[in-house]
A.B. asks: 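Below you will find the structure I want to go over with you.
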Amino acid sequence: MANRKTNEPTEATPDGAVRLHVYMARCGVASRRKCEEIISQRRVSVNGSVVTRQGVLVGPDDAVTLAGRRIYPVRHLVYLVLHKPQGFLCSNHDPEGRSLAIDLIKPIYQQRLFHVGRLDYLSSGLILFTNDGEFARTVSHPSTRIEKEYLVETKKPVDREFLEAYKRGIVIEGERYRLKEYELVSPHTVRLVLEEGKNREIRNVFTNRNIAVKRVHRVRIGCITIKGLPPARFRQLTDREVKWFLDRPGKGAKDGRRD
């Protein structure tokens with residue numbers, strides 16, 4: 001096992017070694033960021049030794065195991081987009097027994113897939129699933145500036161002054177939220193475009209301004225729109241769509257990455 005730490009890019013070295021979290025992502029375990037969390041939980045071993053720190057390099061001949069089970073790079077990559085209905089959870093398990101978005105895909109795809117980003121339980125719309133950790137990182141990383149578009153319905157009118165403030169940037173409990181674009185469709189309906197899209201961002205921002213949200217519906221992720229995809233249905237991404245995401249400028253930023 002190559003056990004040195006390095007500040008080099010996370011691509012393969014001349015001898016084919018890559019950082020452990022990159023290798024795990026290529027095995028379809030999860031995104032790079034999530035793989036780092038799994039490593040920190042001491043659940044990963046290389047050649048029989050538990051890994052206790054980040055930055056370990058592994059080569060093609062190293063045996064990597066997760067929870068005692070050896071993992072291998074994925075040979076058949078899957079890229080799906082699902083129209084998630086309201087009332088489905090973006091998780092692989094729920095102790096409360098709620099319906100899972102992944103269960104809508106499992107009848108066709110039994111291999112391990114993970115969602116890219118998330119929609120909360122009460123929200124609906126587009127969500128991506130894949131077993132390609134590199135793809136997940138590219139789509140999720142703020143540096144690629146991939147737009148997510150939402151249709152938001154509220155119980156009280158939304159004023160333009162609030163939306164302009166959101167566009168300039170709103171800080172709530174130390175977290176900064178910023179809108180890229182908006183369109184007032186009606187007094188109670190607004191179309192929002194975000195680039196980063198933090199956890200429960202829209203609900204947090206609107207609730208902070210005492211605007212009750214009736215519906216959050218994601219209608220676009222980058223080049224993919226919800227048009228023609230009914231609720232609870234999914235489809236494969238085309239080669240052109242996958243390439244569109246992977247070719248995004250800013251891909252590969254190392255410092256301060258967020259998957």
Side-chain angles (χ1 to χ4, degrees), residues 31 79-86 90 101 115-130 135-172 175-209 211-229 231 235 237-238 240-251 253 256-259:
S31 67
Y79 309 92
L80 303 175
V81 58
L82 167 72
H83 182 162
K84 185 187 91 68
Q86 187 181 51
C90 288
H115 52 84
V116 183
R118 66 179 62 240
L119 284 172
D120 65 47
Y121 183 72
L122 296 176
S123 298
S124 59
L126 296 182
I127 184 79
L128 298 173
F129 283 84
T130 187
F135 176 83
R137 176 176 182 269
T138 297
V139 176
S140 302
H141 200 291
S143 68
T144 56
R145 307 177 71 86
I146 292 174
E147 293 181 350
K148 289 87 175 177
E149 185 175 335
Y150 302 81
L151 198 63
V152 181
E153 298 176 8
T154 61
K155 293 183 179 180
K156 62 184 288 188
V158 180
D159 62 84
R160 195 174 297 275
E161 181 181 353
F162 156 61
L163 294 172
E164 285 294 330
Y166 189 5
K167 193 172 181 180
R168 290 192 299 270
I170 293 175
V171 177
I172 302 173
E175 189 75 60
R176 183 176 178 84
Y177 302 99
R178 189 171 182 179
L179 176 68
K180 182 179 181 182
E181 298 175 8
Y182 71 85
E183 177 192 359
L184 270 172
V185 180
S186 73
H188 295 268
T189 304
V190 61
R191 191 178 298 272
L192 307 178
V193 177
L194 306 178
E195 283 185 337
E196 186 171 353
K198 299 175 181 177
N199 185 33
R200 295 182 61 83
E201 173 171 337
I202 293 172
R203 295 186 187 277
N204 289 342
V205 171
F206 277 67
T207 299
N208 181 259
R209 293 301 177 98
I211 302 174
V213 174
K214 291 172 58 179
R215 184 185 186 217
V216 176
H217 185 61
R218 185 154 65 196
V219 298
R220 180 171 65 88
I221 303 173
C223 66
I224 300 173
T225 70
I226 206 164
K227 184 178 180 180
L229 191 63
R235 68 168 178 84
L237 271 62
T238 65
R240 179 175 294 183
E241 288 169 336
V242 173
K243 186 176 186 299
W244 185 92
F245 285 104
L246 294 178
D247 287 348
R248 299 303 298 162
K251 179 189 170 201
R257 67 182 178 276
R258 291 185 57 181
D259 293 345

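Just so you know, these numbers come straight off a predicted model, no measurement behind them. Note: hydrogens, waters and symmetry copies are ignored here, and every other heavy atom, side chains too, is used.
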A.B. asks: List the steps and the verdict of side chain to side chain donor-acceptor pair (under 3.5 Å) for Glu196 and Tyr177.
C.D. replies: CA-CA 9 Å; Glu196 186 171 353; Tyr177 302 99; over 6 Å; no
A.B. asks: Under the 6.0 Å and 45° cation-pi test, does Arg248 pair with Trp244?
C.D. replies: yes
A.B. asks: With rounding to the nearest 0.5 Å, note down the distance linking CD in Glu175 to CG in Asn208.
C.D. replies: 12.5 Å
A.B. asks: With a 3.5 Å cut-off and no angle check, do the side chains of Arg215 and Thr189 form a donor-acceptor pair?
C.D. replies: no
A.B. asks: Mind listing the closest non-hydrogen atom pair of Cys223 and Glu241 along with its distance?
C.D. replies: SG-CG, 4.1 Å
A.B. asks: Could you tell me which residues satisfy salt bridge (Lys or Arg N to Asp or Glu O under 4.0 Å) with Glu183, sequence neighbours excluded, listed by chain and number?
C.D. replies: Arg191
A.B. asks: On a heavy-atom basis, which atom in Leu126 and which in Leu229 lie closest, and how many Å separate them?
C.D. replies: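 Shortest heavy-atom contact: CD2-CD2, 4.1 Å.
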A.B. asks: So how far is it from Glu164 CD to Asp159 CG, rounded to the nearest 0.5 Å?
C.D. replies: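 Reported value, rounded in 0.5 Å steps: 10.5 Å.
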A.B. asks: Kindly compute the distance separating CD1 (Ile170) from CG (Leu179), expressed to the nearest 0.5 Å.
C.D. replies: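 Going from CD1 on Ile170 over to CG on Leu179, the span is 8.5 Å.
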A.B. asks: Can you give me the closest heavy-atom contact between Thr130 and Ala136, atom names plus distance?
C.D. replies: CG2-CB, 4.3 Å
A.B. asks: Indicate the atoms forming the closest heavy-atom contact of Ser124 with Pro85, along with that distance.
C.D. replies: CB-C, 4.0 Å
A.B. asks: Hey, what do you get for CD1 (Ile221) to CG (Leu237), rounding to the nearest 0.5 Å?
C.D. replies: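 That separation rounds to 9.0 Å.
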A.B. asks: Keeping the roles fixed (side chain from Arg176, backbone from Val171), state whether a donor-acceptor pair exists under 3.5 Å.
C.D. replies: no
A.B. asks: I'd like to know if the side chain of Thr144 and the backbone of Thr138 have a donor-acceptor N/O pair within less than 3.5 Å.
C.D. replies: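 Flag set: sc Thr144 to bb Thr138 pair under 3.5 Å.
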A.B. asks: Do the side chain of Lys148 and the main chain of Ile146 share a donor and acceptor less than 3.5 angstrom apart?
C.D. replies: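 Between the backbone of Ile146 and the side chain of Lys148 there is a qualifying donor-acceptor contact (under 3.5 Å).
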A.B. asks: Closest approach of Lys84 and Tyr121, non-hydrogen atoms and distance?
C.D. replies: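 Closest pair (atom of Lys84, atom of Tyr121, distance): NZ-O, 3.6 Å.
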A.B. asks: Quick check for you: to the nearest 0.5 Å, what is the distance between Arg220 atom CZ and Lys227 atom NZ?
C.D. replies: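 Going from CZ on Arg220 over to NZ on Lys227, the span is 14.5 Å.
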A.B. asks: Identify the heavy atoms of Ala165 and Arg209 that sit nearest to each other, and give their distance.
C.D. replies: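 Here Ala165 and Arg209 meet closest at CB-NH2, 4.2 Å.
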A.B. asks: List the residues meeting ring pair (Phe, Tyr, Trp, His ring centres under 6.0 Å) with Phe162, not counting sequence neighbours, and say none if there are none.
C.D. replies: Phe206
A.B. asks: Is it the case that the side chain of Ser123 and the backbone of Leu119 share a donor-acceptor pair, with hydrogens and angles ignored and the cut-off at 3.5 Å?
C.D. replies: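 No, because the side chain of Ser123 does not come within donor-acceptor range (under 3.5 Å) of the backbone of Leu119.
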A.B. asks: If you count the non-hydrogen atoms of other residues, nucleotides and ligands that lie under 6.0 Å from CZ in Arg240, is the total more than 12?
C.D. replies: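 Open: at most 12 neighbouring heavy atoms sit under 6.0 Å from CZ of Arg240.
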A.B. asks: Go through the side-chain N and O atoms of Tyr166 and Glu201 and say whether any donor and acceptor fall under 3.5 Å apart.
C.D. replies: yes
A.B. asks: Are Leu194 and Lys180 side-chain neighbours, meaning at least one heavy-atom pair lies under 4.5 Å?
C.D. replies: no
A.B. asks: Does CZ in Arg145 sit with more than 12 non-hydrogen atoms of other residues, nucleotides or ligands closer than 6.0 Å?
C.D. replies: no
A.B. asks: With rounding to the nearest 0.5 Å, note down the distance linking CG in Asn204 to CZ in Arg200.
C.D. replies: 6.5 Å
A.B. asks: Taking Phe129's backbone N and O only, do any of them form a donor-acceptor pair with His115's side chain (distance below 3.5 Å, no angle check)?
C.D. replies: no
A.B. asks: With distance as the sole criterion, is a donor-acceptor pair present between the side chains of Ser143 and His141 under 3.5 Å?
C.D. replies: yes
A.B. asks: Do Phe245 and Phe135 have their ring centres less than 6.0 Å from each other?
C.D. replies: yes
